[in-house]
Amino acid sequence: MTTSTQKEDVNATFGGLAKCLQHIYASLDVVAIRCALELRIPDVINNHDGPVTLAQIAHGINSSSLNVDGLSRLMSFLVHRQIFDRVHQPQSEEPLYTLNPCSKWLVQDPKTTNIAPYVMMVTNPSLRSLLANLSKCISEGGTTAMKAFGVDFWSYLSVNPRVNDIFNEGMACGTRITMDALMSNYKFDGLKGTLVDVGGGIGAAINEIVTKYPHLNGINFDLPQVISTAPTYKGVTHVGGDMFKAIPPADSIFMKSVLHDWSDNDCVRILKKCRDSISGRKGKMVIVDTILHRGEDDALEYTRVAHDLMMFSLFENGKERTEVEWKKILNDAGFYRYNIIQIPAIESIIEVYSD
């Protein structure tokens, strides 16, 4: 006779097995999503007014040798993983497929923000192959790029232009989502004078801010080789330099997704240079970066934790930080007042005050 305790033990054992198998096969999720993008299935569905049949999807793919059975299995998998929705019409066994809040982000419409470039970056074979060296990084030290190619990540990209383009397009996609959330939920009208974007790349972010808030004088500050390719923007001056040496004098500083690339000690060095830049002006810093919320029920926390592991694997000193860790590096740099503002993005806003 089987007791209730034994049944619970059996259920727990097989529940654990089922969970483990789900994780093992989770790699198929991103492969299937990439496949849907390559076949432009989200666009095919989006181009119809209402739900579509499998035959309509097949027609939209427009391949003379299309494997319809394979397409059907792909759609069943993606429906099960809640990438698309499937509805049944009355008096018909033929299923209909629709977009849902997830797959709407995969529609490659230039008029709307989508994550298709980000998917292509994450699923790029060369970039994904780096993670095969994760265990070596943990057991021996070093980065996945160094283990795989004998050079650091940026050096690898510099000699692989196609992979570099895919990476840049994916990162630009992530920036677009963050900037949309930032500009919709934060006002820069309280700032005056000069706003310096530290590590601003080719100036897209500072241009967007200055365009909306033309009373600000924007400075895009980055390495000389970075700003050498920056386009001209009205109200923005490009300045080349090294943030570890000096940052142009500013009334306020903007810094997005920079500090997570660096160790705590390097972050303190950068923050001290920022403090020197705004010294005597009672300015503030607007930092846009990830804050880990360990243990909290947050829809984006899995992505934040995943990013932290990616930062570890790609950059020897890169890391995402908890609020406690952010407070420490800010205090060590002489900043004792800050305010955190949550926005609908992976990152948060950290307002840091100089007084």
Side-chain angles (χ1 to χ4, degrees), residues 23-24 26-27 29-31 34 115 117-175 178 198-202 222-226 229 242-245 255-271 273 287-292 294 300-322 324-326 328-329 332 346-347:
H23 289 309
I24 291 169
S27 59
D29 290 359
V30 72
V31 171
R34 181 187 176 103
I115 63 169
Y118 199 82
V119 173
M120 302 311 286
M121 176 188 74
V122 172
T123 58
N124 177 265
S126 296
L127 296 177
R128 285 186 68 81
S129 68
L130 296 176
L131 292 178
N133 295 280
L134 180 60
S135 60
K136 288 184 179 180
C137 293
I138 294 174
S139 62
E140 303 170 3
T143 66
T144 53
M146 190 64 70
K147 298 293 183 184
F149 308 118
V151 296
D152 64 68
F153 183 64
W154 302 118
S155 297
Y156 168 73
L157 291 182
S158 70
V159 295
N160 290 272
R162 179 56 188 146
V163 179
N164 183 60
D165 288 345
I166 291 170
F167 177 78
N168 288 336
E169 288 165 7
M171 295 306 294
C173 171
T175 296
T178 300
V198 176
I202 62 172
D222 212 311
L223 294 169
Q225 61 266 35
V226 174
T229 61
D242 184 342
M243 62 186 175
F244 285 100
K245 295 180 179 179
M255 188 159 45
K256 188 186 79 65
S257 301
V258 170
L259 295 177
H260 73 165
D261 288 341
W262 302 95
S263 68
D264 288 356
N265 288 338
D266 283 337
C267 284
V268 171
R269 290 173 60 199
I270 295 167
L271 288 167
K273 295 302 178 183
I287 299 174
V288 180
D289 219 317
T290 298
I291 300 177
L292 294 173
R294 299 195 189 278
L300 290 172
E301 190 61 12
Y302 171 81
T303 305
R304 296 187 186 103
V305 175
H307 278 189
D308 184 46
L309 187 58
M310 288 293 294
M311 295 300 295
F312 163 78
S313 72
L314 293 176
F315 311 107
E316 198 152 9
N317 295 311
K319 63 185 294 188
E320 309 294 3
R321 295 175 171 84
T322 63
V324 171
E325 292 170 318
W326 274 106
K328 183 179 186 309
I329 62 172
D332 288 349
I346 295 168
E347 302 88 349

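Put simply, the side chain of I202 reaches to within 4.5 Å of the side chain of T229, judged on heavy atoms. Looking at heavy atoms from C-beta onward, L271 lies in side-chain contact with I287 at the 4.5 angstrom threshold. Looking only at side-chain heavy atoms (C-beta outward), H307 and H260 stay at 4.5 Å or farther from each other. By the 4.5 Å heavy-atom criterion applied to side chains, K256 and T175 are counted as neighbours. No side-chain heavy atom of L130 sits under 4.5 Å from any side-chain heavy atom of Y156.
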TODO: Please step through salt bridge (charged side-chain N to carboxylate O under 4.0 Å, His left out) for the pair E325 and K319, ending with a clear verdict.
DONE: CA-CA 11 Å; E325 292 170 318; K319 63 185 294 188; 3.6 Å; yes
TODO: Decide side chain to side chain contact (heavy atoms under 4.5 Å, CB included) for L223 and M243; before the verdict, give the C-alpha distance in whole Å, the side-chain angles of both, and the deciding distance to 0.1 Å.
DONE: CA-CA 8 Å; L223 294 169; M243 62 186 175; over 6 Å; no
- [ ] Begin with the C-alpha distance, continue with both residues' side-chain angles, and end with the deciding distance and a verdict on side chain to side chain contact (heavy atoms under 4.5 Å, CB included) for D264 and D332.
- [x] CA-CA 10 Å; D264 288 356; D332 288 349; over 6 Å; no
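A distance of 12.5 Å separates CG of L157 from CZ of R162, quoted to the nearest 0.5 Å. The distance from atom SG of C137 to atom CG of L131, rounded to the nearest 0.5 Å, is 9.0 Å. For the atom pair K273 NZ and K245 NZ, the distance stands at 10.5 Å (nearest 0.5 Å). Here the CE-CG distance, from M146 to L314, works out to 12.0 Å after rounding to the nearest 0.5 Å. From F149, atom CZ reaches atom OG1 of T143 across 10.5 Å, with rounding to the nearest 0.5 Å. In this structure, OG in S155 is found 11.0 Å from CG in N160, a value given to the nearest 0.5 Å.
Scanning all heavy atoms of the two residues, the minimum distance from A148 to N133 falls at CB-ND2, 3.5 Å. Considering all non-hydrogen atoms of both residues, I329 and V268 come closest at O-CG2, 3.8 Å. Heavy atoms only, all atoms of each residue included: L292 and E320 are closest at CD1-O, 3.6 Å. Contact between I291 and T322 at its shortest, heavy atoms only, is CG2-C, 4.1 Å. Y118 and G174 get closest at one heavy-atom pair: CD1-N, 4.4 Å.
With respect to D289 and R321, no salt bridge is recorded, no charged nitrogen being found less than 4.0 Å from a carboxylate O. Between R304 and D308, no side-chain nitrogen of the basic residue sits less than 4.0 Å from a carboxylate oxygen of the acidic one, so the salt-bridge criterion is not met.
For residues 129-150, the salt bridge (charged side-chain N to carboxylate O under 4.0 Å, His left out) pairs, not counting sequence neighbours, are E140-K147.
Ring geometry, F315 versus W154: the interplanar angle falls under 30°, so the pair is classed parallel (tilted spans 30 to 60°).
For T144 (side chain) and S313 (main-chain N/O), a donor-acceptor pair under 3.5 Å exists by modelled atom type.
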Taking distance alone, no hydrogens or angles, what donor-acceptor pairs closer than 3.5 Å link side-chain atoms of residues 163-173 to residues at least two apart or in another chain?
unit_1: N168; atom_1: ND2; unit_2: N164; atom_2: O; d: 3.3

